[in-house]
> 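Below you will find the structure I want to go over with you.
Just the heavy atoms: all of them, side chains too, but no hydrogens, waters or symmetry mates, feed the values below.
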Amino acid sequence: MEFSHESVVVRRGRRSRLPIVVAVHSTALGRAVGGCRMWAYDSWEGGLRDALRLSEGMTRKCAAAGLPNGGGKTVVVVPAGRSLTADERRDALHDVGDIVAELGGAYVTGPDAGTGPADMAVIGERTEYVFCRPEAVGGSGDPSPFTALGVVAALRSTCLALFGSPALAGRRFAVIGLGHVGEQIARQLAAAGAGLVLSDVDPAKRSLGAELGAVFAEPDAAATAEVDVLVPAALGGLLTRDLVARLRCGAVAGAANNQLADPGVAELLREREILWAPDYIANAGGVVNAVSREVLGDEPEEAVKRIESIADTLTGLFETAARTKITTAQAADDLARQRLSVPVPTAPGPA
């Protein structure tokens, strides 16, 4: 991976003694935004790789969404097999807050895998540069419903490209990963009259399948199920070369970040005529809502309109890719680069 970041801080937390990585990829369009991931890794280098990759993805996500921000990411490396006590977790979050504060507003952090709005309130005890704190303390709250809203908008656009209609009713979807976002996607699809195959590594999630009248399958079986759209909603890297050869879907569109195991997978999908909705376009709803509400000062209704416009962005990308015979990944990257080449005025950050 070519190093293109503006700054990267790798530090052992003063209180927690855990490795913490804060990566700022770009501030070309404005201050960087990106979540704080608290996750188990076999080594601190794994956390560093994630921070570098995810922060670069955030730059593309913000640019493609038309936001006046660049990308960043925080990763707190929890040793594999270890669970943090409440005090250890609080110490780690305070360590994150101190590092973010030292960056002087170049980067604003928010929730990501392993963290939520309550954790942002704890980080907010050490720095003002944090978003998605609970609404009771002035934040925009849990981003998960807005991420799910954006993914469902992306699924409507995907169905429009596949079938000529954005209707979800009667279509069949396989949702892999039933966390905060994946569960809400599944519920919205079921409410719209779609058929579902659901999967999660946690067997307790089977109850959701029973509730929604869905088939519950192991992850590999769900990924290769005969469906209209595969919806990755867990961690990244699902779309390997081996899996793409076995897919039996018309399209892939979901919430997971970094779905392509390597860049060449995008071409394999195109060769198999499987439409791919670039992940950083489809899953931008959470950050769009947070930035819209907390940075740009939009009312909730305006933020929702911004999220729903993800469908229009994707429709344009699908049309561009088909017309120019390039992958949808290339079309999305071209859009992001185009917007990055035209800087916009930096918006004020959180108070």
> Should E183 and R187 count as an ion pair when the cut-off is N to O under 4.0 Å?
yes
> To the nearest 0.5 Å, what is the distance between CD on E6 and OG on S55?
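Here the interatomic distance stands at 10.5 Å.
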> Between E294 and R133, does any side-chain N to carboxylate O distance fall below 4.0 Å?
no
> Looking at D50 and K73, is any side-chain nitrogen of the basic one under 4.0 Å from a carboxylate oxygen of the acidic one?
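Result for this pair is no, no salt bridge flagged.
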> What heavy-atom pair brings D200 and F216 nearest, and what distance separates the two atoms?
N-CZ, 3.6 Å
> Taking all atoms of both residues into account, what is the closest heavy-atom pair of G35 and Y107, and its distance?
O-OH, 3.5 Å
> Answer whether the closest heavy-atom distance between the side chains of L18 and R82 falls below 4.5 Å.
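Yes, at least one pair of side-chain atoms sits under 4.5 Å.
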> With the side chain counted from C-beta on, respond yes when D279 and N257 share a heavy-atom pair under 4.5 Å apart, and no when they do not.
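D279 does not reach N257 side chain to side chain.
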> Salt bridge check, K325 against E267: does any charged N sit closer than 4.0 Å to a carboxylate O?
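Salt bridge absent between E267 and K325.
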> Identify whether the distance between the nearest side-chain nitrogen and carboxylate oxygen of E125 and R90 falls below 4.0 Å.
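Salt bridge: yes.
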> Between L208 and V227, is there shared hydrophobic-cluster membership here, with clusters defined by ILVMFWY side-chain heavy atoms closer than 4.5 Å?
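As far as the 4.5 Å side-chain criterion goes, V227 and L208 are not connected within one cluster.
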> If you take all heavy atoms of P219 and V201, which pair is closest and at what distance?
CG-CG1, 4.3 Å
> Hydrogens and angles aside, do D334 and Q330 bring a side-chain donor and acceptor to less than 3.5 Å of each other?
yes
> Please name the residue in the list P143, P145, S144 that meets the side-chain contact (heavy atoms from CB on, under 4.5 Å) test with V181.
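Result for side-chain contact (heavy atoms from CB on, under 4.5 Å) with V181: S144.
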> Indicate yes or no: at least one non-hydrogen side-chain atom of L335 is less than 4.5 angstrom from one of T320.
no
> Nearest 0.5 angstrom please: D95 CG to R11 CZ, how far?
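Those atoms lie 9.0 Å apart.
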> So do the side chains of P278 and L314 get within less than 4.5 Å of each other, counting heavy atoms only?
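Answer yes - side chains close enough.
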> How about W44 and V10: do any of their side-chain heavy atoms sit closer than 4.5 Å?
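Yes, close enough: below the 4.5 Å cut-off.
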> Considering only NZ, NE, NH1 and NH2 on the basic side and carboxylate oxygens on the acidic side, decide whether R15 and D98 come within less than 4.0 Å.
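Counted as a salt bridge, because a side-chain N and a carboxylate O are separated by less than 4.0 Å.
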> Check T158 against A277 and note the closest heavy-atom contact, atom names and distance.
OG1-CB, 4.2 Å
> Decide yes or no for V244 and L269: does some side-chain heavy atom of the first lie under 4.5 Å from some side-chain heavy atom of the second?
yes
> As an exercise, state the distance from CG of L162 to CD1 of I274, rounded to the nearest 0.5 Å.
10.5 Å
> Quick check: is L243 connected to F173 through a chain of hydrophobic side chains (ILVMFWY, heavy atoms under 4.5 Å apart)?
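Shared cluster, no.
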> Between the side chains of D220 and R246, is the shortest nitrogen-to-carboxylate-oxygen separation below 4.0 Å, so that they form an ion pair?
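The answer is yes: the pair qualifies as a salt bridge.
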> Look up atom CD in E56 and atom NE2 in H25, then write down how far apart they are to the nearest 0.5 Å.
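Atom-to-atom, E56:CD and H25:NE2 are 4.0 Å apart.
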